[in-house]
Amino acid sequence: MQNEQLILGFETSCDETAIALMKGDNLLINKISSQVEIHEKFGGVVPEVASRAHAEMIRNLFHSSINECGIDIGEIDIVTSTDGPGLSGSLVVGYNFAKSVAWALQKPFYAVDHMVGHLSAPLIEHPNMDPPFLSLLVSGGHTQIVFVEEWGKYNLLGSTIDDAAGEAFDKLSRFCGFGFPGGPAIQKISEGGDPDKVKLPRPKTSNKFDYSFSGLKTAAVYFLQGLTEDDKLLKKDFAASYQEAIVDSLMNIYEKAVTETGVTNLSGGGGVMANTRLREKIQTFAEKNDKNLYLPSPKLSTDNAAMICVAAKNDLTTNEMNIEDIRLSSVIS
Ligand code: KG4
Ligand code: ZN
C-alpha cells in the first residue's frame, strides 16, 4: 500500500454517525454527527432509534464531507468501515453504505474492528507510535488491557468480567439523573469536588489483570440509599469520589500490567480515555516511571471515523497488502 493513498472511512457502531477522509498522515476531514440529543430523553442509546438516525444522516454527511474537502469522488483509493463489535442495526448502516460506495467507485473495501480502531487512534497524532506497547482500552462496551507485541499481534491480558468502565459511568449517571452520556456528565459535576469524601471500593478479580465495576456501582447506589435527611453531601463530592474510584481501579491494574510486562511504551483509547482525571493519572505515572505515552486527544478517544481510516492504513501498510488483492477479496464477495 502506497503511503499517499486517499482513504474514506465510516464508523457507525453505536450512536455517532462518523465519516473521515485521510491522505497519507493528513486527516482531511473528520465529521461526527452525534445522536446524544435523540437518546438523552431515554437516558441511554435505543438501538432501533440509533440505526434509523444513522440511515437518515449518513448520505448527507457523506456528500457534505466530499464537498468540504473539495476532492473529486474518483480520487478515493480505498473505502473502509467498522464491521463490529457494536449495535448490529447501527453497524449495518455504515458498513453497507461504505461497501456500496466502494462498489459504485469500483474501489477496494477494507473492514476494521472497532477496538483495533481505538487501539490505532493514537497514530493519527503520533505516527511514530511503535510496538511493543501496552494499551488501556476503555469504552462504553469494553475495558481491556492489550499488549501489542507487533502490529496485528494483539495479546489480551485482561478485560472486564461485568460492566465496562464507560458503562459504570453511564449507569450511575442514569440512576442519579446526572445526564447522558454519563462519563462527561460525571466529569463535569466532579469539578472542584473532593474525591476522598465518599469511600467507595476498588474491586478486585481472581485474574490479576481483569476488571470488575458492577460492585462499585451497587456500592454507590447503596450508599446513596443509606443517606438520611440530615446527611449533608455535595453532589460534586459524590461524583468526584465515584470518578476517582473508577480511575483508581483502571490505573491500579494497568500499572501492575506495565510493571510485569516491562514495556516502555504506554497507550490507550476509547471514550473513557477522554476523561481528564484518567489522563492526568496515566500521564503522571508515565512521567514518574520514564515511559513514553501515546494517547489520542480527547476528541479522537471517543468514537470517530479517523481511527478507522488510520487502522486500515496501518494494517495495509504493515501487511504490505496490495490494493488489487483487497479488491478481489472484498468488494466482489
Ligand atoms: O468509545 P466510545 O465513544 O463508544 C464506545 O465504543 O462505547 O465510548 C463511550 C463511553 C461512554 O460510556 C461515555 O460515558 C464514556 O465513553 N465517556 C467518558 C468521557 N467521555 C466519554 N467517560 C468519562 N469521562 C469522559 N470525559
Ligand atoms: Zn468506541
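Order of listing sets the numbers, starting from 1, for every ligand and every atom in it.
Salt-bridge annotation for Glu255 and Lys281: absent, with no side-chain N of the basic residue lying under 4.0 Å from a carboxylate O of the acidic one. One finds a salt bridge joining Glu244 and Arg277 here, because a Lys/Arg side-chain nitrogen approaches an Asp/Glu carboxylate oxygen to under 4.0 Å.
Annotation: atom 24 (N) of ligand 1 to nearest protein heavy atom, Asn275 ND2, 3.0 Å.
Counting only non-hydrogen atoms, the option in Gly117, Gly183, Ser13 that gets closest to atom 23 (C) of ligand 1 is Gly183. Evaluated by nearest non-hydrogen atom to atom 15 (C) of ligand 1, the leading choice among Val247, Val272, Thr82 is Val272.
Here the side chains of Leu172 and Tyr242 are in contact, with some heavy-atom distance below 4.5 Å.
Ile246 approaches Ala168 most closely through the heavy-atom pair CD1-CB, 3.8 Å.
Set against the non-hydrogen atoms of Gly140, the atoms of ligand 1 under 4.0 Å away are 5 (C), 7 (O), 8 (O), 9 (C), 10 (C), 12 (O). Close contacts of ligand 1 with Gly166, meaning ligand atoms under 4.0 Å from a residue heavy atom, involve 12 (O). Taking a cut-off of under 4.0 Å to the non-hydrogen atoms of Gln187, the atoms of ligand 1 that pass are 24 (N), 25 (C), 26 (N). Heavy-atom contacts of Asp170 reach the following atoms of ligand 1: 11 (C), 12 (O), 13 (C), 14 (O) (cutoff under 4.0 Å).
Of all N, O or S atoms in His114, the one lying closest to the Zn ion (ligand 2) is NE2. Of all N/O/S atoms in Asp303, OD1 sits nearest the Zn ion (ligand 2). For the Zn ion (ligand 2), the nearest N, O or S atom contributed by His118 is named NE2.
Ligand 1 has a nitrogen or oxygen under 3.5 angstrom from a nitrogen or oxygen of Asp303. The N/O atoms of His114, backbone and side chain alike, include one that comes under 3.5 Å of an N/O atom in ligand 1. Annotation: His118 places an N or O atom under 3.5 Å from an N or O atom of ligand 1; distance criterion only. Residue Pro181 places no N or O, backbone or side chain, under 3.5 Å from any N or O of ligand 1. An N or O contact shorter than 3.5 Å links Gly271 to ligand 1 by distance.
At least one heavy atom of Gly141 lies less than 4.0 angstrom from ligand 1.
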Inset, instruction - For the pair Lys23 and Glu75, evaluate salt bridge (Lys or Arg N to Asp or Glu O under 4.0 Å) and give the outcome as yes or no after the intermediate values. - result: CA-CA 10 Å; Lys23 191 173 174 67; Glu75 292 173 41; 5.8 Å; no
Legend entry - Verdict with reasoning, Lys313 to Asp25, per salt bridge (Lys or Arg N to Asp or Glu O under 4.0 Å): CA-CA 9 Å; Lys313 173 177 174 268; Asp25 286 338; 3.0 Å; yes
Inset, instruction - Determine, step by step, whether Phe169 and Phe178 satisfy the ring pair (Phe, Tyr, Trp, His ring centres under 6.0 Å) criterion, reporting the C-alpha distance in whole Å, the side-chain angles of both residues, the deciding distance to 0.1 Å, and the verdict. - result: CA-CA 10 Å; Phe169 277 113; Phe178 284 167; over 10 Å; no
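Ring planes of Phe213 and Tyr211: parallel class, angle under 30° (limits at 30 and 60°).
If you look at Phe62 and Phe97, their ring centroids are closer than 6.0 Å.
Residue Leu123 holds its CG atom at 8.5 Å from CE of Met22, rounded to the nearest 0.5 Å.
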